[in-house]
Amino acid sequence: MTNSFDKAKLANALSSHTLKSATRFQYGTAGFRMEASLLDPVMFAVGLLAVLRSKYHKGKTIGVMVTASHNPEKDNGVKLVEPLGEMLVQSWEGYATELANATSSADAITSALESIIAKEKIDLSQPARVVVARDTRPSGKALVASLVDGVQCLGGEIKDFGLFTTPQLHYVVRCINTAGTEDAYGEPTEEAYYEKLAAAFKKITAGYPRLSPLLIDGANGIGAPAMEKLGKYLGDSFAYQLVNNDVVSSGKLNHESGADFVKIKQTKPLGMDLKYGQRACSLDGDADRIVFYFTEEDGTFRLLDGDKIATLAADFIMDLAKQANILVQREDGSKTPLHIGLVQTAYANGSSTAYVKDTLQVPVVFTPTGVKHLHHAAEEFDVGVYFEANGHGTVLFSPAAIKAFKTSVGATPAAEKAIDALRALTELINQAVGDALSDMLLVEATLTYQQKSFAKWNSDYTDLPSRQEKVKVANRANFVPIKADTELSHPIGLQEKINEQVAKFSKGRCFVRPSGTEDIVRVYAEAATREETDRLCYLVCGLVFDGYGGVGTRPTTFLP
Ligand code: G16
């Protein structure tokens with residue numbers, strides 16, 4: 001067991017990445033995220049931590065994704081990926097924060113490293129392997145170079161995959177670490193990723209008439225070139241038209257486009273001519289989220305968000321499992337039907353939760369915002385469907401469920417076909433993380449199999465009107481969420497004031513929480529009518545802005 005490292009080498013490497021400002025860093029909802037110009041010391045610290053995490057896992061490969069996803073192009077960010085492709089375990093997020101803030105001096109970083117090594121009993125003689133990829137942000141390349149310095153100064157090996165979507169990075173990490181085992185996930189290459197998705201999609205949709213072309217908004221980000229490549233593998237099985245695919249011009253990434261813009265503004269993106277009868281979707285800047293939409297004949301915009309994707313997927317899988325009469329082998333020797341569950345956050349529309357519980361009769365679990373929370377809750381089911389309303393999510397299949405699909409034999413041709421479709425779904429759906437391209441194909445495969453239109457899908461239930469707004473405040477850390485983000489414990493007194501407002505509205509629901517990816521607090525409101533929803537949202541935004549440190553312009557622009 002070795003627990004010492006070359007301190008002079010560390011001090012020398014840090015000298016090119018020393019934190020010179022008073023900035024305080026925090027590993028947030030999806031890693032570190034802020035203006036790219038501030039990130040150099042953070043990247044160096046993340047390089048060090050990735051090495052420790054890999055050594056902790058006895059040389060398993062750790063992933064690092066450099067992206068700020070839905071944020072504007074000037075921002076960037078970084079998140080760490082565990083050996084099976086999940087987000088960094090939460091007990092290590094504090095270490096990431098500590099190390100990043102200790103980049104101000106060689107003494108501080110040395111003692112922070114020593115403390116983590118001692119606490120986690122890390123044997124530094126273990127090998128360390130790290131893989132990195134980045135989205136299309138211009139700042140990405142230099143930030144990767146800072147990360148490489150951190151990794152190499154502690155003797156880690158690093159492989160740079162260049163430009164990837166976030167889910168592709170998670171995919172290769174899982175592939176590398178499962179290679180040669182019975183859980184082998186595939187070849188760790190971009191091509192193998194496309195091949196895997198395309199082959200599964202073709203299996204499920206074979207023999208069905210193709211749907212009308214899907215308009216895809218690439219948010220002028222990495223999802224656009226990835227979609228073009230995936231399209232080649234899908235060939236005639238899938239018709240689409242890509243818009244917002246300019247990853248060269250500056251300032252276009254996520255600008256009035258992408259899943260976050262469409263979800264929050266509830267309107268089509270810039271650069272898309274959406275006609276009645278057309279079907280469309282938007283990816284986000286790193287292609288881990290997706291939302292779908294269409295317009296009614298009178299021009300009304302209809303959004304099919306993460307809640308609608310979750311219910312579509314859960315319903316489809318339950319239907320297939322029923323047709324196939326799937327029984328899962330339990331540890332006590334019994335065989336019982338699939339245990340399917342759905343995971344949501346406070347942002348889920350109240351109508352979707354009611355539909356899942358009352359109509360689909362599927363249990364719902366609530367977690368705080370952040371796919372890292374939802375992912376773990378979904379692992380408790382044979383089939384765990386988790387989606388945030390913003391379009392971020394996936395479906396997890398337990399090892400027992402996968403085994404049941406592999407070993408079941410259909411009693412009829414229809415049952416056999418359903419089993420084939422279930423097997424293909426385990427290949428199509430990214431098991432590591434929410435993936436816009438995989439989710440897009442999941443939705444399109446489901447709709448093709450069921451020959452279902454967007455309008456029919458949308459009619460499964462009617463969303464309550466909702467509105468989400470951002471309020472800029474002096475210090476968002478003053479806002480402390482509790483009860484899976486549905487209430488605030490601090491600032492003292494604010495929650496009571498919110499409750500008083502909510503009580504005035506029929507079917508009113510409203511909560512405030514600090515964003516973990518942007519320097520704002522989010523206000524979400526829901527009520528029986530559009531007018532009431534907007535009013536409730538406005539009142540609570542005003543409460544926050546006027547009484548709790550609002551800065552800049554008072555948010556009133558959305559008043560009807
Ligand atoms: C990230 C997280 C999501 C979260 C979103 C917004 O998404 O992965 O789980 O919903 O941020 O988080 P917040 O409300 O804390 O800002 P992305 O697509 O930006 O990586």
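Counting starts at 1 for both ligands and their atoms, following the listed order. FYI, the numbering just counts along the sequence from 1. All heavy atoms count here, side chains included; hydrogens, waters and symmetry mates do not.
Looking at atom 19 (O) of ligand 1, its nearest protein heavy atom turns out to be H70 ND1, 2.5 Å. Of the protein's non-hydrogen atoms, A30 CB, 3.9 Å is the one closest to atom 1 (C) of ligand 1. Nearest protein heavy-atom contact of atom 11 (O) of ligand 1 is T517 CG2, 3.4 Å. Nearest protein heavy-atom contact of atom 4 (C) of ligand 1 is E388 OE1, 3.5 Å.
Within the 3.5 Å criterion, the main-chain N or O of N390 finds no donor-acceptor partner in the side chain of D305. Checking side-chain atoms of T394 against main-chain N and O of N430 turns up a donor-acceptor pair under 3.5 Å. Between the side chain of T103 and the backbone N or O of L99 there is no donor-acceptor pair closer than 3.5 Å. The main-chain N or O of G258 is found under 3.5 Å from a side-chain atom of D217 such that the two form a donor-acceptor pair. For the pair E526 (side chain) and G350 (backbone), a donor-acceptor distance under 3.5 Å is present.
Salt bridge annotation for K470-E518: present, with a cationic side-chain nitrogen under 4.0 angstrom from a carboxylate oxygen. Checked for salt-bridge contact, E532 and R530 miss the test: no charged N lies under 4.0 Å from a carboxylate O. With respect to the salt-bridge test (charged N to carboxylate O, under 4.0 angstrom), the residues D546 and R554 qualify. A salt bridge is defined here as a Lys NZ or Arg NE, NH1 or NH2 lying under 4.0 Å from an Asp or Glu carboxylate O, and E86 with R174 fails to meet this definition.
On a distance-only criterion, T29 and ligand 1 share at least one N/O pair closer than 3.5 Å. Not a single N or O atom of A68, backbone or side chain, sits closer than 3.5 Å to an N or O atom of ligand 1. Between N71 and ligand 1, a contact under 3.5 Å exists for no N or O pair. Backbone and side-chain nitrogen or oxygen atoms of D284 are examined, and one is located within less than 3.5 angstrom of a nitrogen or oxygen of ligand 1.
For ligand 1, the atoms sitting less than 4.0 Å from at least one non-hydrogen atom of T369 are 10 (O), numbered in the order shown with element in parentheses. Counting the atoms of ligand 1 from 1 in the order shown, those under 4.0 Å from a heavy atom of S69 are 17 (P), 18 (O), 19 (O), 20 (O). With ligand atoms numbered from 1 in the order given, ligand 1 contributes 9 (O) to contacts under 4.0 Å with heavy atoms of G370. In the vicinity of R513, heavy-atom distances shorter than 4.0 Å reach the ligand 1 atoms 13 (P), 14 (O), 15 (O).
Remark: among candidates G516, G391, P368, the nearest residue to atom 15 (O) of ligand 1 is G516, based on non-hydrogen atoms. Nearest-heavy-atom check against atom 5 (C) of ligand 1 across H392, R289, M87, R522 picks out R289.
When non-hydrogen atoms are compared, ligand 1 lies under 4.0 Å from neither the backbone nor the side chain of L374. The proximity of D260 to ligand 1, defined as any non-hydrogen pair under 4.0 Å, does not occur for either the backbone or the side chain.
Under the 3.5 Å distance criterion, with hydrogens and angles disregarded, no donor-acceptor pair is assigned to the side chains of S69 and T67. For the residue pair H490 and Q495, no side-chain donor N or O sits within less than 3.5 Å of a side-chain acceptor on the partner.
Ligand 1 has R33 within reach: a non-hydrogen atom of the residue lies less than 4.0 Å from it.
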